[in-house]
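Model, not experiment: these values are computed from the prediction. The residues of the chain are indexed from 1 along the displayed sequence.
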Amino acid sequence: MQAAKKGTINVLCGVIGQIITICLGIVIPRLVLVSFGSEMNGLLNSVNQILVYFSLFEAGVGIAALQAMYAPVAKDDKDKIQQIMAATHLFYRKVGILYGIAVIILSAIYPFCVKSQISYGVIFGVILFSGLGNCLNFLYQGKYKILLQAEGYSYVITNITTLITVLTNVVKTILLLRGFDVLAVQFSFFVVNVLQMLLYYVYIHRRYGWLDLKVEPDNKAIAQKNSTLIHQISGMIFNNTDVLLLTLITQNLMIVSVYTMYNTIINMVNTMIQQVSAGFDFRLGQLYNTEKEVYFRLHHIFEIVYLVLVFSAMTVVYLVILPFMRLYTAGVSDINYIDSSYPLVFVLVPLLTYGRTSASNLINYAGHFKETQWRAIAEASINIVASIIGIYYFGIYGALVGTILASLYRTNDMILYVYKYFIKLSPWITYKRWLSCFVIFGVVVKFINNDPAYCNSYIHILLYGALCGVLCVAAYGGVQMIINGEERRNMIGILKGYLGRG
């Protein structure tokens, strides 16, 4: 029950924090578009995506350390926890220094990689201030986030992140409305990140006064970091290659702006959905390492719940994103942001990617990083090759098709892998869940207009989206309850037990 309470708090704080982030995140890009134009918006988004790649300096140690931490946390083995944390601390300290050097080098050479009216000094400063904030994460709080996640205190990370996001966006909004230039706006981001480091310092020293990072480090515990790096690179390519390749191949920051405007909205919704996984991830990881029979019952329930959430959310996005973009980009005339085909191709990527979360998590809990690394390489290769060819001929469409093809391969590969090596049953159990969801989604695409005329204000879009959301959850959830009898009974039993003792 303690784990259930932690998980529930994690999910609630995550969802609330993401709602706040979405509301604030909608304001800033709009102000940037109006204040600086699509070219500057494209620059900011392109730089942010490149900086995401720089997190590869972490070399997979975060994932490896988290996996290694589940068992000692479940057993309350403080000595083992300290040894793993000591090894993680030493690695992150080296990474922080390398990251800072890489940011400075990128600041110097990036202005020569794009055709832009923006001056060299402005581009240099934007990259520098954007990257130094992340450098602090590696130098200090990165290792502590791993410990908090393993113990089920993700809501602490979420609450600090939400607070920092609010402060950052408030400061940026004030600066933009008062006419400050983009360098002042980005510098404010760095200053607020210093405050985030101080918040972690206070919290960690109060809760974990016993933690000593000077003990003998257990480097073997994070020995799989090289294998997890392969998976991390694949994930980076999958999530961020489109922006980088669009920047390099088209050299048109306004096209990058169009892509990122749609992708930002979808990523905001995806992040909210991920709160469900992140909220209970710690307990599922612990159970896999201590009580596998219990874990596998919960695995199927989690898969069903996550598929319902992903398909419901993405169906709503498909139905409202076009009228939203029409309102959001009103008055921006330097490039056209409206295309009736964008909603479908944009939502297909998260449908395929996040629907496989339960299978991906199981592989992580089992520590099968080395065994599956060549599969991750294959996914990345498909994505890069298909996207390069696609962007050259079809622009944004080509980038998305490349990602979809890679996702089709890897999603099916993960499903087949977990059933072969862990579940030992027919993968049809999972495939029937997917197929039933795609049938419902296909009906929506075929028969429902995704650009209704009555969605002509943000309030109308919000109400329409809420109504569609309720209907989607009922439709997707109802079908899953019908075709998954055993999981339905298990879910009812869990809910009765939780509510009865609550």
How about [X]: does its [atom1] atom have over 12 heavy atoms from other parts shown lying under 6.0 Å from it?
| X | atom1 | value |
| --- | --- | --- |
| Lys75 | NZ | no |
| Tyr431 | OH | yes |
| Lys420 | NZ | no |

Heavy-atom donor-acceptor pair, [X] side chain to [Y] backbone, under 3.5 Å:
| X | Y | answer |
| --- | --- | --- |
| Gln82 | Asp212 | yes |
| Lys432 | Ile483 | yes |
| Gln83 | Pro217 | no |
| Ser436 | Arg433 | yes |
| Thr411 | Leu352 | yes |
| Asn484 | Gln480 | yes |
| Ser407 | Thr403 | no |

Atom pair [atom1]/[atom2] of [X] and [Y] - distance to nearest 0.5 Å:
| X | Y | atom1 | atom2 | answer |
| --- | --- | --- | --- | --- |
| Lys143 | Thr88 | NZ | OG1 | 9.5 Å |
| Ile127 | Ile105 | CD1 | CD1 | 12.5 Å |
| Cys135 | Leu128 | SG | CG | 10.0 Å |
| Leu199 | Ile204 | CG | CD1 | 11.5 Å |
| Cys468 | Ile461 | SG | CD1 | 11.5 Å |
| Ile273 | Thr357 | CD1 | OG1 | 9.0 Å |

side-chain contact (heavy atoms from CB on, under 4.5 Å) evaluation trace for His368 with Phe422: CA-CA 11 Å; His368 278 223; Phe422 304 116; 3.6 Å; yes
Would you call [X] and [Y] a side-chain contact if the rule is heavy atoms closer than 4.5 Å?
| X | Y | answer |
| --- | --- | --- |
| Ile101 | Ile97 | yes |
| Tyr70 | Thr290 | no |
| Tyr409 | Arg375 | yes |
| His300 | Ile423 | yes |
| Tyr421 | Glu371 | no |
| Met85 | His89 | no |
| Asn159 | Leu163 | no |
| Tyr365 | Leu287 | no |

Could you tell me which non-hydrogen atom of [X] sits nearest to which non-hydrogen atom of [Y], and how far apart they are?
| X | Y | answer |
| --- | --- | --- |
| Val418 | Ile415 | CG2-O, 3.3 Å |
| Tyr354 | Gln274 | CE2-NE2, 3.1 Å |
| Ile363 | Thr372 | CG2-OG1, 4.0 Å |
| Pro72 | Ile81 | CB-CG1, 4.0 Å |
| Arg488 | Met481 | NH1-O, 2.5 Å |
| Pro350 | Ile266 | CG-CG2, 3.7 Å |

Evaluate the ring planes of [X] and [Y], with Trp represented by its six-membered ring, and classify them as parallel (under 30°), tilted (30 to 60°) or perpendicular (over 60°).
| X | Y | answer |
| --- | --- | --- |
| Tyr155 | Tyr153 | perpendicular |
| Trp434 | Phe438 | parallel |
| Tyr259 | Phe346 | tilted |

Pair Thr430-Tyr419, side-chain donor/acceptor within less than 3.5 Å: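 The answer is yes; a qualifying pair exists.
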Distance-only side-chain donor-acceptor flag, Gln196 / Asn193, under 3.5 Å: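 Distance-only check passes for Gln196 and Asn193.
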Pair Met314-Asn270, side-chain contact (heavy atoms from CB on, under 4.5 Å): steps then yes or no: CA-CA 9 Å; Met314 287 304 108; Asn270 287 338; 3.3 Å; yes
Tyr208 and Tyr144 aromatic centres sub-6.0 Å: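 No, they do not, as the ring centres are separated by 6.0 Å or more.
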Ring center gap for Phe441 and Tyr476 short of 6.0 angstrom: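 No.
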Test log, rule side-chain contact (heavy atoms from CB on, under 4.5 Å), inputs Ile84 and Lys80: CA-CA 6 Å; Ile84 297 173; Lys80 189 67 172 178; 4.1 Å; yes
Pairing of Arg356 and Glu379 as salt bridge, 4.0 angstrom limit: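 Salt bridge: yes.
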Note: Arg207-Glu151 ion pair, threshold 4.0 Å (strictly below):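 Result for this pair is no, no salt bridge flagged.
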Phe190 vs Phe129, ring-ring contact (aromatic ring centres under 6.0 Å, His included): CA-CA, chis, key distance, verdict: CA-CA 6 Å; Phe190 169 70; Phe129 294 139; 7.0 Å; no
Working for side-chain contact (heavy atoms from CB on, under 4.5 Å), residues Tyr200 and Lys145: CA-CA 9 Å; Tyr200 273 103; Lys145 289 181 179 180; 3.3 Å; yes
